[in-house]
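All ligand and atom numbering here is 1-based and tracks the order in the structure. Throughout, numbering of the chain's residues begins at 1 and tracks the sequence.
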Amino acid sequence: MKVLNFGSLNIDYVYSVDSTVKPGETIRVNDRQVFCGGKGLNQSIALANAAADVYHAGLIGQDGTMLLDALGKAGVNTSLVRMVEGGSSHAIIQVDRSGQNSILFYPGDNLKVTGDFIDDVLSKFEKGDYLLLQNEVDNTQLIIKMGHEKGLKVVFNPSPIQESIKNYPLHLVDIFVLNEIEGSMLSGRNEPEEILYSMMNLYPDAHIVLTLGEKGALYGYKGQKIFQLAYKAQAVDTTAAGDTFTGFFLAAFIKGNEVKEALDLAARAAAICVSRKGAAPSIPKLSELV
Ligand code: RIB
């Protein structure tokens with residue numbers, strides 16, 4: 001079974017700061033590093049590191065060879081990544097002393113995926129394959145619709161969240177992986193359990209995975225509820241922790257592992273991720289978890 005991840009590939013400019021800049025303030029940066037990132041790319045690498053058969057579809061600019069190389073090195077199939085005119089999408093990330101981040105994501109013109117491109121990509125997949133999406137490429141709602149019509153199982157990580165996501169055809173989603181902020185916006189609730197139950201009511205056929213950072217994660221599906229604890233880690237940089245969780249959870253779920261095992265694997269992978277710098281380079285290999 002194949003996983004198609006139709007998502008962003010960003011160049012991450014990561015600035016180490018004592019504390020993130022406040023309105024009207026100028027601060028001196030301690031260090032700057034450049035990493036491969038993008039929620040799409042990070043999740044593809046996490047899937048491949050967790051031994052899934054993953055194909056990444058997306059767009060890069062002419063400066064994006066490093067992004068392609070990072071995917072290829074991890075074992076992701078990159079035949080559906082197209083290089084277009086101009087620069088790649090990028091992110092400006094501040095990481096403070098406690099490892100917390102603030103992210104500015106600049107899509108530029110390079111995430112404008114067209115209906116023809118979507119059509120061409122989907123033609124390589126068949127009923128029963130998985131389609132993973134985040135919210136960093138244009139036309140995500142169309143990809144959900146076209147993927148579902150083709151019989152693919154749709155997995156949606158609604159990140160970064162925005163009000164307009166409520167107009168996406170979310171009833172076609174088979175698995176949601178989302179954090180508290182995203183869950184709160186979609187459900188209108190604030191407490192984790194309330195968010196979970198509200199999402200389960202709104203989307204009764206979908207599996208809901210609600211990540212809660214240091215508080216762990218909750219899973220719900222048709223009356224079943226599971227709590228997953230978070231593993232302790234010395235946080236250096238939390239960037240890509242959610243992407244790592246998503247990729248490892250999905251890889252294990254698809255393999256037919258018990259949901260409890262898939263959640264546990266994802267939590268262990270995310271704990272390793274936060275203990276390292278950068279997005280893609282911080283994602284562990286499966287061999288580090290056994
Ligand atoms: O989830 C982390 C990612 O968000 C970063 O790699 C950055 O590119 C932004 O898309």
Side-chain angles (χ1 to χ4, degrees), residues 5-17 20 32-49 56-61 63-64 66-71 73-74 76 81 87-96 99-113 132-138 140 155-162 165 176-183 209-213 217 233 235-250 266 269-284:
N5 183 8
F6 213 135
S8 59
L9 307 98
N10 301 341
I11 298 176
D12 285 355
Y13 298 97
V14 181
Y15 300 86
S16 301
V17 292
T20 51
R32 188 192 90 151
Q33 284 178 288
V34 181
F35 295 108
C36 295
K39 296 182 195 301
L41 176 144
N42 297 337
Q43 292 180 23
S44 279
I45 289 183
L47 277 158
N49 283 3
H56 193 98
L59 302 171
I60 52 172
D63 55 357
M66 66 186 270
L67 302 169
L68 212 52
D69 289 349
L71 285 178
K73 209 167 141 216
V76 177
V81 177
S88 299
S89 49
H90 72 263
I92 293 175
I93 304 180
Q94 297 177 54
V95 179
D96 72 14
Q100 283 305 322
N101 64 36
S102 302
I103 302 180
L104 289 175
F105 162 56
Y106 177 68
D109 286 334
N110 283 329
L111 299 179
K112 297 205 179 311
V113 297
L132 172 61
L133 296 163
Q134 309 78 32
N135 192 38
E136 286 192 335
V137 298
D138 283 0
T140 296
V155 185
F156 187 39
N157 170 223
S159 181
I161 190 78
Q162 61 195 81
I165 285 190
F176 285 94
V177 185
L178 73 181
N179 67 22
E180 253 174 301
I181 297 171
E182 293 147 7
V209 181
L210 181 66
T211 59
L212 305 169
V236 170
D237 180 355
T238 54
T239 312
D243 300 329
T244 300
F245 191 103
T246 302
F248 274 81
F249 172 80
L250 187 58
I272 294 180
C273 170
V274 302
S275 70
R276 298 173 178 167
K277 282 190 178 177
S282 67
I283 301 169

Near [X], which atoms of ligand 1 are under 4.0 Å from a heavy atom of that residue?
| X | answer |
| --- | --- |
| Gly37 | 6 (O), 8 (O) |
| Ala279 | 6 (O) |
| Ala91 | 7 (C), 8 (O) |

Any N or O of Gly38 closer than 3.5 Å to N or O of ligand 1: yes
Within-cut-off N or O pair, Thr239 and ligand 1, under 3.5 Å: no
With distance as the sole criterion, is a donor-acceptor pair present between the side chains of [X] and [Y] under 3.5 Å?
| X | Y | answer |
| --- | --- | --- |
| Gln134 | Ser8 | no |
| Asn179 | Thr211 | no |
| Asp96 | Thr20 | no |
| Thr246 | Asn157 | no |

For [atom], the protein heavy atom that lies nearest, with its residue and separation:
| atom | value |
| --- | --- |
| atom 6 (O) of ligand 1 | Asp12 OD2, 2.6 Å |
| atom 10 (O) of ligand 1 | Glu136 OE2, 2.6 Å |
| atom 3 (C) of ligand 1 | Asn42 ND2, 3.7 Å |
| atom 4 (O) of ligand 1 | Lys39 NZ, 3.1 Å |
| atom 2 (C) of ligand 1 | Asp243 OD2, 3.4 Å |

For ligand 1, the portion of Leu41 having any non-hydrogen atom under 4.0 Å away: neither
Any Ser8 heavy atom less than 4.0 Å from ligand 1: no
Heavy-atom side-chain contact between Val34 and Met66 under 4.5 Å: yes
Gap between atom CD1 of Ile283 and atom CD1 of Ile45 - 0.5 Å precision: 5.5 Å
Parallel, tilted or perpendicular, as decided by the 30° and 60° cut-offs, for the rings of His90 and Tyr106: tilted
Atom CD1 of Ile92: over 12 foreign heavy atoms under 6.0 Å: yes
